[in-house]
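First comes the structure, then the notes that go with it.
Since we're looking at a predicted model, the values are computed, not measured.
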Amino acid sequence: MGETQSPAPAPTVRAAAARGTLLGAMFLMATSAIGPGFITQTTKFTAELGAAFAFAILVSILIDIAVQLNLWRVIGVAGERAQDLANKVVPGAGYLLAALVVFGGLVFNVGNIGGTALGLDALAGVDVRIGGAVSAVIAIAIFLSRRAGIAMDRIIVVLGVLMITLTLYVAFVSAPPVGEAVRSAVLPGAIGSDGFVAIVTIVGGTVGGYITYAGAHRLIDAGISGPNNVRAITRSSVIGVIVTGVMRIVLFLAVLGVVTGGASLVGVDNAPAEAFSHAAGEVGLRLFGVIMWAAAISSVIGASYTSVSFITTFSAELERRRTWLVAGFIAVSAIAYLLLGKAPTTLLILAGALNGLILPVGMGIMLWVATRRSADLLHGYRYPAWLLAIGWIAWLITIYIAWMALSGITDLWV
């Protein structure tokens with residue numbers, strides 16, 4: 001997926017290409033996080049918890065920042081993908097990490113295909129099976145194009161901006177109680193088991209599983225790595241998390257306005273569509289269709305690209321066939337969605353929860369690299385102590401909330 005470098009590119013062209021790749025990596029991570037699961041999870045928990053959900057959002061954003069700052073920096077400075085670093089720390093750990101990420105990515109991608117189907121259904125009344133199949137074909141076509149890397153970067157950026165702009169409009173129309181949300185973010189009251197499920201699910205949906213590595217692996221493939229690129233790597237990771245946080249806050253406010261306005265979304269089959277429709281009528285429903293489809297197709301791209309990036313380094317033959325492997329990953333996801341017959345919303349919630357449980361494994365390995373292996377694996381880079389400290393704190397939090405939410409996660413599938 002990395003672009004082929006010309007023998008002697010002009011400095012301005014090289015700089016422009018680097019900026020484009022950095023922007024693409026940033027939005028690849030952000031739009032992977034802003035997927036259909038993101039929309040479904042946020043709507044579900046806002047409907048159930050109301051303004052108190054603001055606390056879960058704040059916690060998730062803080063954890064997201066700590067996770068992304070550390071993982072992007074470790075992978076970027078090392079110049080190696082996460083699974084290769086893991087194998088150098090503990091032989092075989094990279095294969096385990098790859099298996100977990102690919103499994104989580106596949107589950108998430110089945111949900112992503114379902115999300116494209118929900119979007120096209122709301123937008124134009126397209127049958128969900130047909131909508132899912134057509135969207136999968138579009139995603140495959142993007143990867144089979146001659147300049148797949150550049151195409152992916154540009155499409156991802158456009159889709160990201162489109163989603164945020166349209167959701168901001170709906171948030172404005174729904175007139176949410178912003179003051180109450182701000183108070184609840186700081187003083188949420190008692191957090192029960194539902195609160196822990198909400199936190200682990202939305203953390204899993206924004207930095208869990210493959211999402212954590214999407215942007216970092218994109219930079220590695222494009223050759224942007226090493227200690228000399230720390231500033232660019234850090235800036236991209238922070239902005240990516242901010243973009244994700246802004247979208248989550250805007251979506252939360254949009255749904256909160258609907259809920260406080262008297263609408264009941266609990267138990268509704270397609271709660272996000274109902275929320276948008278209640279806020280802006282027929283226009284809102286069509287806007288939801290566009291937002292959901294854009295979120296889902298960008299997540300299909302991110303999940304497939306990143307999941308495959310976890311297995312291609314194990315074999316030169318796999319690396320040569322990467323494009324076809326990505327296409328195959330999308331095709332398998334689409335077939336699974338068509339055969340499984342499970343409600344797309346259930347798949348989307350479950351996928352986020354599973355990825356939240358996977359998160360501590362990979363993060364723990366990467367933090368160990370920063371703590372004990374910086375001399376060799378990070379090329380002697382002096383890792384900031386403060387960054388390492390917040391990374392380990394975030395890691396402990398992810399373990400705790402994952403443990404507390406285990407019983408609740410099993411209920412999502414029954």
Side-chain angles (χ1 to χ4, degrees), residues 22-46 49 51 53-69 72 115 153 155-186 198-199 201-208 211-212 214-215 234-259 272 275-276 279-280 284 287-288 290-299 302 352 394:
L22 285 169
L23 188 63
M26 178 187 76
F27 271 88
L28 180 63
M29 183 274 286
T31 54
S32 293
I34 307 172
F38 176 105
I39 295 173
T40 304
Q41 293 156 10
T42 301
T43 303
K44 175 182 184 294
F45 291 123
T46 301
L49 303 175
F53 185 52
F55 176 75
I57 291 176
L58 178 61
V59 171
S60 72
I61 291 175
L62 293 176
I63 294 175
D64 291 356
I65 292 174
V67 170
Q68 293 289 5
L69 275 176
W72 277 54
D153 288 340
I155 290 172
I156 287 295
V157 172
V158 171
L159 292 175
V161 173
L162 178 66
M163 284 186 286
I164 293 176
T165 302
L166 295 181
T167 308
L168 185 62
Y169 166 75
V170 176
F172 178 79
V173 171
S174 70
V178 177
E180 182 182 355
V182 172
R183 285 193 299 272
S184 297
V186 181
I199 293 174
T201 302
I202 62 176
V203 168
T206 49
V207 291
I211 297 171
T212 311
T234 302
R235 183 170 60 250
S236 294
S237 63
V238 171
I239 295 176
V241 171
I242 291 175
V243 169
T244 307
V246 168
M247 180 63 179
R248 185 175 294 284
I249 292 171
V250 170
L251 179 61
F252 161 67
L253 291 175
V255 178
L256 182 62
V258 171
V259 172
F276 277 65
L287 288 179
F288 163 77
V290 175
I291 293 169
M292 178 61 98
W293 188 84
I297 197 71
S298 60
S299 291

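Separation of atoms CD1 (I164) and CG (L251) is listed at 11.5 Å; rounding is to 0.5 Å. For the atom pair I249 CD1 and T42 OG1, the distance stands at 10.5 Å (nearest 0.5 Å). Atoms CG and OG1, from L253 and T46 in turn, are 9.0 Å apart once rounded to the nearest 0.5 Å. Rounding to the nearest 0.5 Å places CD1 of I39 at 10.5 Å from CZ of R248. Considering CG of L49 and CZ of F252, their distance stands at 9.5 Å, rounded to 0.5 Å. Distance CZ/F53 to NZ/K44: 9.5 Å, rounded to 0.5 Å.
For the residue pair W72 and G215, the shortest heavy atom distance occurs at CZ2-CA, 3.5 Å. Counting all heavy atoms, side chain and backbone alike, M163 lies closest to M247 at O-CE, 3.8 Å. The two residues M292 and G115 come nearest to each other via the heavy atoms CG-O, 3.2 Å. Looking at every heavy atom in both residues, L159 comes nearest to A294 through CD2-CB, 3.8 Å.
Checking side-chain atoms of S298 against main-chain N and O of A295 turns up a donor-acceptor pair under 3.5 Å.
When the side chain to side chain contact (heavy atoms under 4.5 Å, CB included) test is applied to R235, the partners found at least two apart in sequence or on another chain are R231, A232, I239. Residues meeting the side chain to side chain contact (heavy atoms under 4.5 Å, CB included) test with I242, sequence neighbours left out: V238, V246. By the side-chain hydrogen bond (donor to acceptor under 3.5 Å, both in side chains) test, T165 pairs with no residue at all, sequence neighbours left out. S299 meets the side chain to side chain contact (heavy atoms under 4.5 Å, CB included) test with P36, N112, Y210; sequence neighbours excluded. Listed by chain and number, the residues in a side chain to side chain contact (heavy atoms under 4.5 Å, CB included) with V158 amount to none (sequence neighbours excluded).
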List the steps and the verdict of side chain to side chain contact (heavy atoms under 4.5 Å, CB included) for F55 and S184.
CA-CA 6 Å; F55 176 75; S184 297; over 6 Å; no
Derivation of the side chain to side chain contact (heavy atoms under 4.5 Å, CB included) call for F276 and I291
CA-CA 10 Å; F276 277 65; I291 293 169; 3.5 Å; yes
Which is it for L287 and Y169 under the side chain to side chain contact (heavy atoms under 4.5 Å, CB included) test, yes or no, and what are the steps along the way?
CA-CA 10 Å; L287 288 179; Y169 166 75; 3.5 Å; yes
Please list, one pair per line, the donor and acceptor atoms closer than 3.5 Å that link side chains of residues 170-177 to other protein atoms, with sequence neighbours excluded.
from : atom 1 : to   : atom 2 : distance (Å)
S174 : OG     : A171 : O      : 3.1
S174 : OG     : A254 : O      : 3.1

